[in-house]
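What follows is a single structure, written as structure tokens, with notes after it.
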Amino acid sequence: MPELPEVETVRRGLQPVMEGRRFTSVQTRRGDLRVPFPNDFAARLTGRRVVKLRRRAKYILGDLDSGETLVIHLGMSGRMLVHTESTRKKLGNYGRHNGAIMSDADKHDHVVMETDAPARIVFNDQRRFGLMLLVETAELDEHKLFKGLGIEPLGDAFHAAFLTKALKGKKTPIKSALLDQRVIAGLGNIYVCEALFRARVSPKRQAIKVRPDQIALLAPAIKSILREALKAGGSSLRDHKRTDGEIGMFQHRFKVYDREGEPCPACKTKIKRLVQAGRSSFYCPNCQK
DNA sequence: AAGTAGTCCTGAGTGC
DNA sequence: TGCACTCAGGACTACT
């Protein structure tokens with residue numbers, strides 16, 4: 001999916017057309033996402049103002065003036081595209097502002113929202129692994145999607161000492177431990193691979209056996225990878241797009257991800273791929289121990 | 001309790 | 001040009 005840098009890039013793109021703005025109309029065009037929309041989804045959203053647009057893990061959260069929070073998850077292939085006068089040309093003419101004509105509507109456009117920015121915001125998701133929900137803001141932390149979520153890797157509370165504690169007793173490979181959203185919330189397959197390479201830690205090493213000197217490299221490596229990716233607007237392989245339709249650029253800076261058979265940028269050894277818990281891991285068998 | 005397959009869905013890419 | 005097959009940035013459920 002979009003991982004943390006991609007989700008944050010999307011949040012930043014949505015902020016000017018959502019935060020402080022009101023939804024003037026909401027249309028759900030296809031309801032059978034991974035988690036189906038409640039029947040009254042559009043009614044509960046229409047007329048509401050977004051007080052704050054924030055992010056938790058890979059979720060975008062829009063706190064509404066009604067006391068509910070709009071929860072958005074992009075799944076593997078979700079996009080939020082913003083159509084304004086200035087982006088209309090690039091994204092295509094998506095029908096008249098308040099009219100029913102949607103000539104360029106894609107069959108995977110599942111939700112169309114208008115705000116008084118004015119802007120039209122479209123949630124598009126080919127694979128329908130994403131979701132949009134409305135949850136009472138006061139109950140958000142206790143909601144099953146958020147209750148068990150781990151720490152934010154870009155926050156001050158995430159550092160080597162935290163990681164040491166978090167990995168303690170875990171026999172699972174470090175790769176799987178870092179992907180576990182209950183430990184660190186927001187990391188996905190790409191950035192875990194890249195962070196492990198940067199810290200020279202093998203994805204196969206058991207979490208419990210990652211040495212202190214390796215953890216001292218790993219925690220800052222996670223932070224720096226995420227920060228650099230964020231600065232580049234995220235990574236676009238197939239699906240991720242910014243709200244203006246542009247792609248992210250960080251994929252050009254991958255050292256190991258999706259580079260099986262290519263020479264390691266550090267030592268020229270061929271990069272290997274292996275499957276762990278059903279996900280591909282890419283690593284340099286010489287550099288990463 | 002912890003770890004790992006199977007599952008949801010569509011589309012792109014590959015090899016015959 | 002077509003068909004069969006594999007794979008994909010996530011994460012939940014159900015097993016061992």
Is a side-chain donor or acceptor of A/Glu194 paired with a backbone partner of A/Ile225 at a separation under 3.5 angstrom?
-> no

Mind telling me whether A/Phe41 and A/Phe37 have parallel, tilted or perpendicular rings, with 30° and 60° as the class edges?
-> tilted

Once you round it to whole Å, what is the distance between P of C/dT6 and CZ of A/Arg279?
-> 19 Å

For atom CD of A/Glu260 and atom C1' of C/dA8, their distance in whole Å = 14 Å

Would you mind telling me which of B/dG11, C/dA8, C/dC12 lies closest to the side-chain atoms of A/Lys107?
-> B/dG11

In whole angstrom, what separates A/Gln206's CD from B/dA2's C1'?
-> 12 Å

So what does A/Lys144 hit on the nucleic acid, given a heavy-atom distance under 4.0 Å: a base, only sugar-phosphate, or nothing?
-> nothing

Has A/Phe129 got its ring stacked on C/dA11, by the test of a centre gap below 5.5 Å and a plane angle below 30°?
-> no

In whole angstrom, what separates A/Leu179's CG from C/dG10's C1'?
-> 10 Å

So, is A/Ser77 near the phosphate of B/dC9, with a side-chain N or O under 4.0 Å from OP1 or OP2?
-> no

Closest to the A/Tyr257 side chain, choosing from C/dC12, C/dA8, C/dG10 | C/dA8

Select one nucleotide: of B/dT10, B/dT4, B/dC8, the one nearest the side-chain heavy atoms of A/Ser176.
-> B/dT4

Taking OP1 and OP2 of B/dG11, is either one under 4.0 Å from a side-chain nitrogen or oxygen of A/His108?
-> yes

Quick check: does any side chain N or O of A/Glu142 sit under 3.5 Å from a backbone N or O of A/Glu139, one acting as donor and the other as acceptor?
-> no

Angle class for the A/Tyr191/A/Phe250 ring planes (parallel below 30°, perpendicular above 60°, tilted otherwise)?
-> tilted

Atom pair distance, as rounded to whole Å: NE2 in A/His110 and C1' in B/dC8 = 13 Å

For C/dA11, does OP1 or OP2 lie under 4.0 Å from any side-chain N or O of A/Lys58?
-> yes

So what does A/Tyr191 hit on the nucleic acid, given a heavy-atom distance under 4.0 Å: a base, only sugar-phosphate, or nothing?
-> nothing

Touch check for A/Arg273, heavy atoms < 4.0 angstrom, all strands: base, sugar-phosphate only, or nothing?
-> sugar-phosphate

Look only at the side chain of A/Arg128 and the backbone of A/Leu33, and say whether a donor-acceptor pair between them is shorter than 3.5 Å.
-> no

Hey, is the side chain of A/Gln181 poking within less than 4.0 Å of OP1 or OP2 on C/dA11, counting only N and O atoms?
-> yes

Start with the C-alpha gap between A/Arg56 and A/Glu152, add the side-chain angles, then the distance that decides, and say whether salt bridge (Lys or Arg N to Asp or Glu O under 4.0 Å) holds.
-> CA-CA 8 Å; A/Arg56 171 74 174 113; A/Glu152 287 287 330; 3.0 Å; yes

So what does A/Gln276 touch, heavy atoms closer than 4.0 Å: a base, only the sugar-phosphate, or nothing?
-> nothing

Between B/dC9 and C/dC3, how far is it from one P atom to the other, in whole Å?
-> 23 Å

Round to the nearest Å and state the distance from A/Leu133 atom CG to C/dA11 atom C1'.
-> 14 Å

Within this structure, what is the NZ-to-P distance between A/Lys204 and B/dG3, rounded to whole angstrom?
-> 18 Å

Can you give the dot-bracket line for DNA chain B, using ( ) for pairs inside the strand, [ ] for pairs that cross earlier ones, | for pairs with another strand and . for unpaired bases, where Watson-Crick and G-U count if both distances are under 3.5 Å?
-> .|||||||.|||||||

Is the closest basic N to carboxylate O distance between A/Arg11 and A/Glu8 below 4.0 Å?
-> yes

Identify whether any heavy atom of A/Asn189 sits under 4.0 Å from a base atom; if not, whether one sits that close to sugar-phosphate; answer base, sugar-phosphate or nothing.
-> sugar-phosphate

When you measure from the side chain of A/Thr172, which nucleotide among B/dC8, C/dA8, B/dG3 comes out closest?
-> B/dG3

Parallel, tilted or perpendicular: which fits the ring planes of A/Phe146 and A/Tyr59, with parallel below 30° and perpendicular above 60°?
-> tilted

Spell out, as yes or no, whether a donor-acceptor pair under 3.5 Å connects the side chain of A/Arg79 to the backbone of A/Asp239.
-> yes

Can you find a donor-acceptor N/O pair under 3.5 angstrom joining the side chain of A/Arg127 to the base of B/dC9?
-> yes

When all nucleic acid strands are considered with a 4.0 Å heavy-atom cut-off, which category describes A/Ser280: base, sugar-phosphate, or nothing?
-> sugar-phosphate

Return the value, rounded to whole Å, for the distance between atom CG of A/Leu178 and atom C1' of C/dG10.
-> 16 Å

Distance between the P atoms of B/dA5 and C/dC7, in whole angstroms?
-> 14 Å

